[in-house]
Amino acid sequence: MIRIQIYYSKGGAFRYTGNLDVHKAWERIFRRANLSLAYSQGFHPQPRLNQANPLPLGITGRNELIEVWINNNQINHEEIRSTLEKSLPPGITINAIEEVPLNAPSPQTRVIAADYVAEISPAIAAVQLKDRIQTLLQSESLIRERRGKKYDLRPLVYNLELENSIRQAGNHRIFMRLAAGQQATGRPDEVLTALGLDPFSAYIERTGIVFRE
Amino acid sequence: MLSAMEIQARLEQILLRVEKPGRYVGGELNQVIKPWESVKTRVALVFPDLYDIGLPNLGLAILYDILNKQKDVLAERAYAPWVDMETLLRENEIPLYALESKQPLAAFDIIGFSLPYETLYTNTLNILDLSSIPLKAVERQKSHPLIIAGGHAAFNPEPMADFMDAFVIGEAEDVILEIVHAHQQWKAAHLQKEKLLMALSKISGVYVPSFYRPVYKLDGTISHIERRNDESGSLPVTKRIVPRLPLPPTNFIVPNIDVVHNRVAIEIMRGCTRGCRFCHAGMITRPVRERPVAEIVASIETALRNTGYEEIALLSLSSSDYSQITELVSAVSERFSSQHLTISLPSLRIDTVSVDLLEKLKGRRSGGFTLAPEAATDRMRNTINKPISAEQLLETAREIYRRGWTNLKLYFMIGHPTETLEDVQAIADLCKAVLAEGRKQIGRRANLHAGVSTFVPKPHTPFQWVPCDEMENIEAKQVLLRKTMTGPGLKLTWTDPRDTQLEAWLSRGDRRIGEVIYRAWQLGAKFDAWQDQFRFEAWQYAFLQAGLDPAFYTYRHRTLDEVFPWDHINIGVKKQYLIEEFRRSEAGVLRADCRENCYACGILPVFTEMRRAFPGRAWKCPEVRSPSRKTILETAAS
Ligand code: SF4
């Protein structure tokens, strides 16, 4: 058995695919590639396949991480990569692939934050946007409600800034680093709402996941 | 008309506001995208229900495959948007579009609707409306797409006759290409639309309703069908079949979201020889044609490689009747059982052999075991021609529970002709006896789910003459079941009698019902098969507006010489044979499976030449040996 970590990007039509279905898509990629995944023990054996951190529907990912166990010792990770690449659906591409020791700590436990970029229509002026960002960053707490539960968004926002140069399309780009992982997760759409922006018409991409070493 | 790019841009503003936006974006593995300008004919295949239901539909997958294999044709898909999406589409003036190219449906040459069941009629109108295409065929110009429909419900095309330019009756594999061809010739010649319809009406298996007009008697029944144009094809329209099942599709589209069936589906056999008298599919899909074992196994292999699906479904109307079922199950389980796949084999006969088969197929006893006894007294079984004794069911159930299945699902139907409360009580008693068997075998882990639906008399069946069971009777029967079928481990589901009524109106409707469908849609009816969307009052009001009596379609007793609205559609089975079967049903006389003994239902005379050209075991009808009259004449002449 070998343990493999795959860094991949998720875009195209997969933007509209939620985390569970992305999981399913990976299972099918391995089936098509004829690489046999290891299965868990028990009454309902499940393929051993973990995502480092779930990505909400509607957000694309530039460098997501999924980890799998494969029932094969003969194959190296380069061969795995080339086999998988022939089996990918449109919208998923592999950035990097590496083998890790079987006893390495799981990536889920090592996630501490995630970086996002949100593209916003230029309808709102940059100065105004900067103001709102400043106000948010200066506030002590930011109580919001999600699925009927109150929580404080402010401590989950590690960094928030507006890109200075205006792009050709004229869209604003907001960078954010938000808490992620097993403790608490900040959602970029919630941040946009807190800034008085419409998250549904924004284009949000997760550019990377930040791990504890 | 908005361009594909404009549609795409507007979509991006709304998609995140709807539930499951993955339904509306396409872009799945194995979808086929061809450059729009590179082909002569563009076909949109529409399943007028939610993506989740339509995507796994095998019929459309077959046509998608066939059409896209043609160099000069492209086929794309569209489904009915859910109400949240519909609202946003209308608010943002986005026409309904095909998932592949995002081209509006109105830009296609041909739009083909799949109509497997009647409750999709209002959705069909809604989709035309969302595409800014006039609903009524007479209002459409040459510039509009040709609107056609096919599927099991189209065997009575009359209720939708006002809205369709043409119907495909029967199996579409061959005829769809003939339609495309006729369209190409017509388009190149720049002729009037009438000319296209004329050409279509001459293709065998194609019905162009506007060329024929039903003439009614004073009592509202049909006197005869008038042919309006001497140059059009003549009646009856005989259904099309393929002599041999063509190679199955193996390049299934793999959705990026969860849908109702995530699987490789393969038809192992088409048609059924059992002759259950209530069964529409059993009558209209004759003759039985089987696919060879080797072909099935090879296709599954390819399809799994192409899709990565985790489930395989071996489909037919009656799996146990597939002549090499044991060989098939061995081959499939040998090849695929070690790969963590779920393999399903629905529609099994009620006997212990079926338990052996499923046991072999499934390493572990995941899911439940489903059987369809349909009735619980011998009198009812003889009426519907499905003879399964209580002992046989109990013995089978015992084996199912004993070998480790904990959930058994039994399908029954109430409302069969002449059914009484005693017959219904027998369903409850039988279910309790079955569960008691389960308890004996595995104790309290045994569960039983009884799905009790309500019978609707369907066109082209031996029961096409019988009235529906009255609403009060159905309700009384359901109350009886609900009262008696209680207790731990026992679950009962039933059909809302109002759903049954709608199905009854639409399935035996005549052309005048089109007005009711139109008005019901205007009053907001759509997604009629969805409990939370169904608007019964809209339908009642639509009948009132159209000046028609719903009871005329449901509760009326039909005489044997009545001309039915679908009588000019020839399914191959003779009306005389259906009458015979109806009489035997009244007399409580069974008719055995016809693969042992052909009862000359009419199929062979209609498809003689085909059978002669394709002899052998793939068909379950006897071979045609005598030389055809044509051959005799030719021999005589030489
Ligand atoms: S022709 Fe004979 S064998 Fe064929 S379907 Fe009809 S009754 Fe059955």
Side-chain angles (χ1 to χ4, degrees), chain A residues 10-40 42-49 56-60 71 83-84 86-92 118-119 121 123 169 171 188-189 192 198-204, chain B residues 8-33 51-52 85 88 92 99-100 102 251-259 262-264 301-312 336 338-342 363-367 404:
Chain A
K10 173 198 124 160
F14 266 95
R15 178 183 178 193
Y16 302 102
T17 300
N19 205 56
L20 281 177
D21 293 327
V22 170
H23 196 88
K24 187 101 279 165
W26 272 105
E27 279 183 51
R28 292 179 184 154
I29 292 169
F30 279 94
R31 280 187 188 286
R32 291 194 293 271
N34 205 14
L35 286 170
S36 118
L37 291 174
Y39 271 69
S40 63
F43 201 67
H44 292 293
Q46 293 297 318
R48 296 190 66 185
L49 184 130
L57 186 148
I59 301 180
T60 59
N71 275 331
T83 327
L84 284 179
K86 292 187 206 100
S87 310
L88 295 174
I92 291 185
E119 289 207 27
S121 105
N171 284 347
D189 48 343
L192 293 181
D198 174 15
F200 292 147
S201 51
Y203 183 88
I204 309 176
Chain B
Q8 176 78 49
R10 289 192 193 184
L11 277 178
E12 277 172 19
Q13 293 302 311
I14 64 169
L15 281 169
L16 290 178
R17 297 168 211 273
V18 300
E19 181 202 347
K20 284 182 101 175
R23 288 167 176 163
Y24 311 111
V25 293
E28 312 93 329
L29 179 73
N30 296 335
Q31 79 166 9
V32 180
I33 296 201
Y51 174 88
D52 315 36
M85 182 64 170
L88 288 175
N92 293 278
L99 294 186
E100 282 81 355
K102 311 291 182 294
N251 237 346
F252 296 100
I253 292 174
V254 182
N256 295 334
I257 59 171
D258 196 33
V259 295
N262 301 279
R263 65 191 189 187
V264 165
E301 191 114 44
T302 316
L304 287 176
R305 210 169 35 231
N306 290 342
T307 62
Y309 271 138
E310 49 285 336
E311 188 179 337
I312 305 165
F336 307 110
S338 60
Q339 304 177 25
H340 295 280
L341 295 166
T342 310
R364 57 199 161 106
R365 235 115 286 148
S366 63

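Just so we're on the same page: letters track the sequence lines, and every chain starts at 1.
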Next item on the list: Calculate, to the nearest 0.5 Å, the distance between atoms CD1 and CD1 belonging to A:I204 and A:I59 respectively.
Entry: 5.0 Å
Next item on the list: Find the distance between CG (B:L304) and CD1 (B:I312) and round it off to the nearest 0.5 Å.
Entry: 5.0 Å
Is a donor on one side and an acceptor on the other found under 3.5 Å between the side chain of [X] and the backbone of [Y]?
X: B:R305; Y: A:R32; result: no
X: B:K102; Y: B:V25; result: yes
X: B:R23; Y: B:Y51; result: no

Under 4.5 Å from a heavy atom of chain B, the part of [X] involved:
X: A:F30; answer: neither
X: A:I29; answer: neither
X: A:D198; answer: side chain

For [X], which atoms come within 4.5 Å of any heavy atom of chain A: side chain, backbone, both, or neither?
X: B:N30; answer: neither
X: B:Y24; answer: neither
X: B:E28; answer: backbone

Note to self: If I compare all heavy atoms of B:F252 with all of B:T307, which pair ends up nearest, and what's the gap?
What the structure shows: O-CG2, 3.6 Å
Checklist line | Heavy-atom pair count under 4.5 Å with chain A, highest-scoring of B:Q13, B:R17, B:K20, B:Q31 | finding: B:R17
Check: Top residue by heavy-atom pair count (under 4.5 Å) with chain B, among A:P89, A:S201, A:G58?
Finding: A:S201
